[in-house]
Amino acid sequence: MNEKIEGIIFDLDGVICSTDQYHYQAWKSLADSLGIYFDKKINDRLRGVSRAESLEIVLENSDKVYSDEQKAALAERKNDMYVQLIRQMTPDDLSDDVRMTLQELRRRGYRLAIGSSSKNTRTILRQIGLGDFFDAVSDGTNITHSKPDPEVFLKAAEMLRLNAGSCIVVQDARAGIEAAANGHFYSAGVGEAATDPRVTWPIRKISDLLGIVNSQSRS
Ligand code: BG6
Ligand code: MG
């Protein structure tokens, strides 16, 4: 690495907005309806992981064996509940801290992208008023491997025409920090991702990125 930072690739759920809470609510409702134990600790294992893989983790606490068709129907049920929640989002769901940070990074000339495993990325960005904001969007619709595979970030960097070594990946999930490390990106981690040993910079809030890029451009 040791290249100049030119781009920032943001995870969506739990980084740009709090849709991680809606994922939790939807999985919790599904698990409750099936009589399967589910809590926030289990939910943390779903961060950054695709919908189908998340369902497999939820079903670890069930004795019942589900067919592929039944699993597809369950994943659809969860997504229907989730979509109902995200459709109620508005630009007010973007925090002042995130809004200000994005505007300031843009003003300073950084290339900005989304790197998310979610197939609902475009809908969420539209709902919160960022439909046309990012220079590139790499999401669950253009990848074949979920985090910790670095594919989603490598595709985002390619769309930005930047090398991995000149980008910071911003994440709330351990799987995302692992993906960033696997792809040779710098990483900044919030929440549980801040405690991951592979994270380059643990941060408390998204605006902490402004200090990081400042110190990088001076070094
Ligand atoms: C990630 C979330 O961003 O997207 C995961 O952290 C989620 O929890 C994954 O499972 C897939 O999201 P979606 O919206 O395609 O079901
Ligand atoms: Mg996330």
Side-chain angles (χ1 to χ4, degrees), residues 8-31 38-60 71-89 93-95 98 113-128 130 134 137-153 155-156 168-181 185 187-196 198-199 202-206 209:
I8 324 277
I9 303 172
F10 292 89
D11 174 46
L12 179 69
D13 300 318
V15 169
I16 294 292
C17 52
S18 301
T19 34
D20 51 331
Q21 295 172 19
Y22 297 149
H23 277 297
Y24 169 72
Q25 274 183 47
W27 283 123
K28 177 75 179 146
S29 300
L30 181 78
F38 186 74
D39 62 17
K40 292 210 162 154
K41 198 152 173 250
I42 301 171
N43 186 65
D44 278 343
R45 291 177 54 209
L46 313 184
R47 288 178 190 269
V49 174
S50 73
R51 196 181 308 161
E53 288 167 279
S54 295
L55 177 66
E56 294 296 338
I57 295 172
V58 172
L59 295 180
E60 280 174 11
K71 284 181 186 172
L74 292 177
E76 195 178 327
R77 244 169 78 192
K78 180 269 172 178
N79 191 53
D80 288 347
M81 289 188 266
Y82 180 67
V83 167
Q84 288 214 9
L85 294 166
I86 60 176
R87 286 225 175 108
Q88 290 163 35
M89 293 179 84
D93 288 295
L94 189 64
S95 72
V98 171
I114 290 287
S116 166
S117 309
S118 173
K119 293 185 171 150
N120 291 298
T121 297
R122 298 273 180 185
T123 308
I124 296 167
L125 291 177
R126 263 197 313 274
Q127 293 290 130
I128 60 178
L130 293 180
F134 290 94
V137 175
S138 173
D139 65 18
T141 63
N142 66 254
I143 52 167
T144 44
H145 306 291
S146 197
K147 300 167 190 176
D149 190 288
E151 184 183 13
V152 73
F153 299 138
K155 290 223 162 122
I168 304 178
V169 161
V170 189
Q171 264 294 163
D172 69 321
R174 284 176 184 282
I177 296 297
E178 204 179 316
F185 291 88
S187 63
V190 277
E192 65 155 32
T195 62
D196 192 289
R198 291 153 298 187
V199 75
I203 56 174
R204 282 188 47 248
K205 51 187 190 318
I206 300 304
L209 279 172

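Predicted model, so just to flag it, every value in this text is computed and none were measured. No hydrogens, no waters, no symmetry mates; every other heavy atom, side chains included, goes into these values. In each ligand, atom 1 is the first atom listed, and ligand 1 is the first ligand listed.
The nearest pair of heavy atoms linking Ala175 to Arg47 is CB-O, 4.0 Å. Of all non-hydrogen atoms in Lys71 and Leu55, the two that sit nearest each other are O-CD2, 3.2 Å.
Under the side chain to side chain contact (heavy atoms under 4.5 Å, CB included) rule, Gln171 has a single partner from Val190, Ile177, Asp196, which is Ile177. Partner of Ile114 under the side chain to side chain contact (heavy atoms under 4.5 Å, CB included) criterion, chosen from Val15, Ile16, Ile124, Ile9: Ile16. Between Ser118 and the choices Asp13, Asp11, Asp139, the side chain to side chain contact (heavy atoms under 4.5 Å, CB included) rule is met once, by Asp13.
The Mg ion (ligand 2) has no N, O or S atom of Asp20 inside 2.8 Å of it.
Leu46 has its side chain out of reach of His23: every pair of non-hydrogen atoms, C-beta onward, lies at least 4.5 Å apart. Using a 4.5 Å heavy-atom threshold, the side chains of Ile42 and Asp39 count as touching. Taking the side chain as every heavy atom from C-beta outward, Glu151 and Lys155 approach each other to under 4.5 Å. Put simply, the side chain of Leu74 reaches to within 4.5 Å of the side chain of Arg77, judged on heavy atoms.
When distances from the Mg ion (ligand 2) to the N, O or S atoms of Asp172 are compared, OD1 comes out shortest. Atom O is the N/O/S atom of Asp13 found closest to the Mg ion (ligand 2). Nearest N/O/S atom of Asp11 with respect to the Mg ion (ligand 2) is recorded as OD2.
Those atoms of ligand 1 with a heavy atom of Asp13 less than 4.0 angstrom away are 1 (C), 2 (C), 3 (O), 4 (O). Near Ser116, the atoms of ligand 1 lying under 4.0 angstrom from a non-hydrogen atom of the residue are 3 (O). Here is the list of ligand 1 atoms found below 4.0 Å of a heavy atom in Ser54: 10 (O). Short contacts between ligand 1 and Arg47, defined as distances under 4.0 Å to a heavy atom of the residue, involve ligand atoms 6 (O). Counting atoms of ligand 1 from 1 in the listed order, those under 4.0 Å from a heavy atom of Asn120 are 13 (P), 14 (O). For ligand 1, the atoms sitting less than 4.0 Å from at least one non-hydrogen atom of Arg51 are 10 (O), 11 (C), 13 (P), 15 (O), 16 (O), numbered in the order shown with element in parentheses. Atoms of ligand 1 lying under 4.0 Å from at least one heavy atom of Gly48, given by number and element, are 2 (C), 5 (C), 6 (O).
Considering Lys147, Gln171, Lys119, Arg45 only, the shortest heavy-atom separation from atom 15 (O) of ligand 1 involves Lys119.
Asp20 and Asn43 form no side-chain donor-acceptor contact under 3.5 Å, judged by distance and modelled atom types alone. Using a 3.5 Å distance cut-off with no hydrogens or angles, the side chains of Thr123 and Arg87 do not pair a donor with an acceptor.
The shortest N/O to N/O separation between Ser118 and ligand 1 falls below 3.5 Å. For the pair Asp11 and ligand 1, the shortest N or O to N or O distance does not fall below 3.5 Å.
Among protein heavy atoms, the minimum distance from atom 8 (O) of ligand 1 is reached at Leu46 O, 2.9 Å. Counting only heavy atoms of the protein, atom 7 (C) of ligand 1 lies nearest to Val49 O, 3.2 Å.
With a 4.0 Å cut-off on non-hydrogen atoms, His23 touches ligand 1 through its side chain and not its backbone.
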